[in-house]
A.B. asks: 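Sharing a structure here in structure tokens format.
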Amino acid sequence: MIHNLFSHYLIDWNRNKNNRKMPWKGVKDPYKIWLSEIILQQTRVDQGLKYYENFIITFPTIHDLAKADEKKVFKLWEGLGYYSRCKNLIHTARVLSSTQNGQFPATYEDILKLKGIGPYTAAAIASFAFDLPHAVIDGNVFRVLARIFGIREPVDTTAGKKIITELAEKLLDKEHPGEYNQAIMDFGATVCKPANPDCEQCPFKSNCVAYKEDIVALLPVKIKRTTVRTRYFYFFLPQYRNALPVRERLDKDIWQHLYEFPLIEKEEETSSGAIVAAATKKGWIPKGTAVTVSPVYAQKLSHQLIKAVFISYRLAEKSGLFENYSWVKAAALNTLPFPKTITQYLNKAGNDH
DNA sequence: AATGCGGGGAC
DNA sequence: GTCCCAGCATT
């Protein structure tokens, strides 16, 4: 279909049919736009909404975020996933607070240089906050354009991304880039949905290649498959005078910057007897100590399946044990950010250590 | 170009 | 179970 007609139909749909409401919509404050965009990377609006509200209440300005204790920020991010987003959020807040008086740069190129901000987020901030003509290209845009323009090239390849990117930039309404960008994402989220799109109500019904050729469900084409690795985590929770050892996960691995208890990881499922024997050999469990072994807590990640078991026991003496860990009062554990698997265990009745 | 990084919701 | 979500950094 003709390119400027696409933008016309889209804007028309946005002004007459789009009922989607979100707290950051129409906002011009770059800080709020930035925060919402980081939270929403690979994250559904419904899931991110509460986090956005909590962040704005706790850190109303970029300076508030910049001077906050890192642990407190991670605690607020706890459960949202992709924790490098949080790390980069703090980093960029501090850079802008200390070197730019808390002001965001006002060009796409300068916004793109900031940590945690890629092409999508830079285009979103540039268009929403500064009315600059940069097209957002996210999962919605890939889907909407692939269907309406009948793009059969796989979108998760370099060639496919190039086609979509060039098309998106041509289609952008450069007079109303912010409204256009918001509209195409709202349209993808509410009408041209991944499953069961609302084609009968779609303003592009008579122009959509996928609809006319009855291949809506086949587009966009994606090739890559993810393989899932299973990992077995055995966490040890020794209690000494109502305190437990914890440490921050610092390796380049899942849950970086979240906290954990002493851990033995296995590639294969291991019996509780064998794992207790291994911990005893490491000196983590004094001989003859009675332990309580939890059921298996399974957590699915995109590329990993985590099967976690928690082994709790009491220590009469802690001298020489867990010296690389911090001993934290059980009642203070809820001030630390933990992976979902661990908070689930801690929040279960009877596990409140 | 490929891989790793969370957690949840829809089907 | 599978797919996908307002992606990005790293290698």
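Just so we're on the same page: letters track the sequence lines, and every chain starts at 1.
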A.B. asks: Just grab all the ring-ring contact (aromatic ring centres under 6.0 Å, His included) pairs involving residues 258-277 of chain A, residues at least two apart or on different chains.
C.D. replies: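 Every pair satisfying ring-ring contact (aromatic ring centres under 6.0 Å, His included) with a residue in residues 258-277 of chain A: A:Phe261-A:Phe338.
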
A.B. asks: If you measure from the Lys or Arg side-chain nitrogens to the Asp or Glu carboxylate oxygens, is any gap between A:Asp64 and A:Lys67 under 4.0 Å?
C.D. replies: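 Salt bridge flag = yes for A:Lys67 with A:Asp64.
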
A.B. asks: Using links of under 4.5 Å between side-chain heavy atoms of ILVMFWY residues, direct or through other members, which residues join A:Leu305 in one cluster?
C.D. replies: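 Joined to A:Leu305, directly or through intermediates: A:Val228.
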
A.B. asks: Check DNA chain C against residues 130-142 of chain A and give the residues with a non-hydrogen atom under 4.0 Å, in numerical order.
C.D. replies: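 DNA chain C contact set from residues 130-142 of chain A: A:Asp138, A:Gly139, A:Asn140.
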
A.B. asks: Applying a 4.0 Å non-hydrogen cut-off, can you work out what A:Trp24 is touching in the nucleic acid: base, sugar-phosphate, or nothing?
C.D. replies: base

A.B. asks: Assess whether a salt bridge exists between A:Arg231 and A:Glu267, defined as any Lys/Arg side-chain N lying under 4.0 Å from an Asp/Glu carboxylate O.
C.D. replies: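 Judged by the 4.0 Å cut-off on N to carboxylate O distance, A:Arg231 and A:Glu267 do not form a salt bridge.
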
A.B. asks: Among residues 174-203 of chain A, which ones have heavy-atom contacts with DNA chain B below 4.0 Å?
C.D. replies: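 DNA chain B contact set from residues 174-203 of chain A: A:Asn196.
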
A.B. asks: Reading nucleotides 2-9 of chain B 5' to 3', which nucleotides get B (base under 4.0 Å from a protein heavy atom), which S (sugar-phosphate only), which -?
C.D. replies: S--BBBBB

A.B. asks: Who clusters with A:Leu112? Use side-chain heavy atoms, under 4.5 angstrom, across I, L, V, M, F, W and Y, and order the result by chain and number.
C.D. replies: A:Tyr108

A.B. asks: Considering only the P atoms, how many Å lie between C:dT11 and B:dG6, rounded to the nearest integer?
C.D. replies: 16 Å

A.B. asks: Check every nucleotide of DNA chain C for an atom under 4.0 Å from a heavy-atom of chain A, then give the first and the last such nucleotide from 5' to 3'.
C.D. replies: C:dT2 to C:dT11

A.B. asks: Taking only the C1' atom of each, what is the distance from C:dC5 to B:dC5 in whole angstrom?
C.D. replies: 14 Å

A.B. asks: Looking at A:Lys266, I'd like to know if its NZ atom is crowded, meaning that more than 12 non-hydrogen atoms belonging to other residues, nucleotides or ligands lie closer than 6.0 Å.
C.D. replies: no

A.B. asks: Quantified in whole Å, what is the P atom distance between nucleotide C:dA6 and nucleotide B:dC11?
C.D. replies: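 Straight-line distance between the two P atoms is 14 Å.
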
A.B. asks: Run through the side-chain heavy atoms of Ile, Leu, Val, Met, Phe, Trp and Tyr, join any pair under 4.5 Å, and report what else lands in A:Val216's cluster.
C.D. replies: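 For the cluster that includes A:Val216, the remaining residues are A:Tyr211.
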
A.B. asks: Looking across every strand, which nucleic acid part, if any, lies under 4.0 Å from A:Thr157 by heavy atom: base, sugar-phosphate, or nothing?
C.D. replies: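 Since no nucleic acid heavy atom lies under 4.0 Å of A:Thr157, the category is nothing.
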
A.B. asks: Who pairs with A:Asp69 by side-chain contact (heavy atoms from CB on, under 4.5 Å), at least two apart in sequence or on another chain?
C.D. replies: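 With sequence neighbours excluded, A:Asp69 shows a side-chain contact (heavy atoms from CB on, under 4.5 Å) to A:Lys71, A:Lys72, given in chain and number order.
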
A.B. asks: Which atom pairs, one a donor and one an acceptor, fall under 3.5 Å between side chains of residues 328-335 of chain A and the rest of the protein, sequence neighbours left out?
C.D. replies:
from, atom 1, to, atom 2, distance (Å)
A:Thr335, OG1, A:Ala332, O, 2.7

A.B. asks: How do A:Lys25 and A:Leu114 order along DNA chain C: which one's closest nucleotide is nearer the 5' end?
C.D. replies: A:Lys25

A.B. asks: Tabulate below the donor-acceptor pairs under 3.5 Å that side-chain atoms of residues 271-285 of chain A make, not counting sequence neighbours, or state none.
C.D. replies:
from, atom 1, to, atom 2, distance (Å)
A:Ser271, OG, A:Ala274, N, 3.1
A:Thr280, OG1, A:Val276, O, 2.7

A.B. asks: Does a donor on one side chain sit under 3.5 Å from an acceptor on the other, for A:Ser127 and A:His134?
C.D. replies: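 Per modelled atom types, A:Ser127 and A:His134 side chains form no pair under 3.5 Å.
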
A.B. asks: Whether A:Lys162 and A:Glu166 form a salt bridge (side-chain N of Lys/Arg under 4.0 Å from carboxylate O of Asp/Glu) is what I want to check.
C.D. replies: yes

A.B. asks: Can you list, by chain and residue number, the hydrophobic cluster partners of A:Leu250 when the side-chain cut-off is 4.5 Å?
C.D. replies: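 When side chains under 4.5 Å apart are linked, A:Leu250 ends up in no cluster with other residues.
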
A.B. asks: Using the C1' atom in both, what is the distance from C:dA9 to B:dG8, to the nearest Å?
C.D. replies: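 So the two C1' atoms sit 23 Å from each other.
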
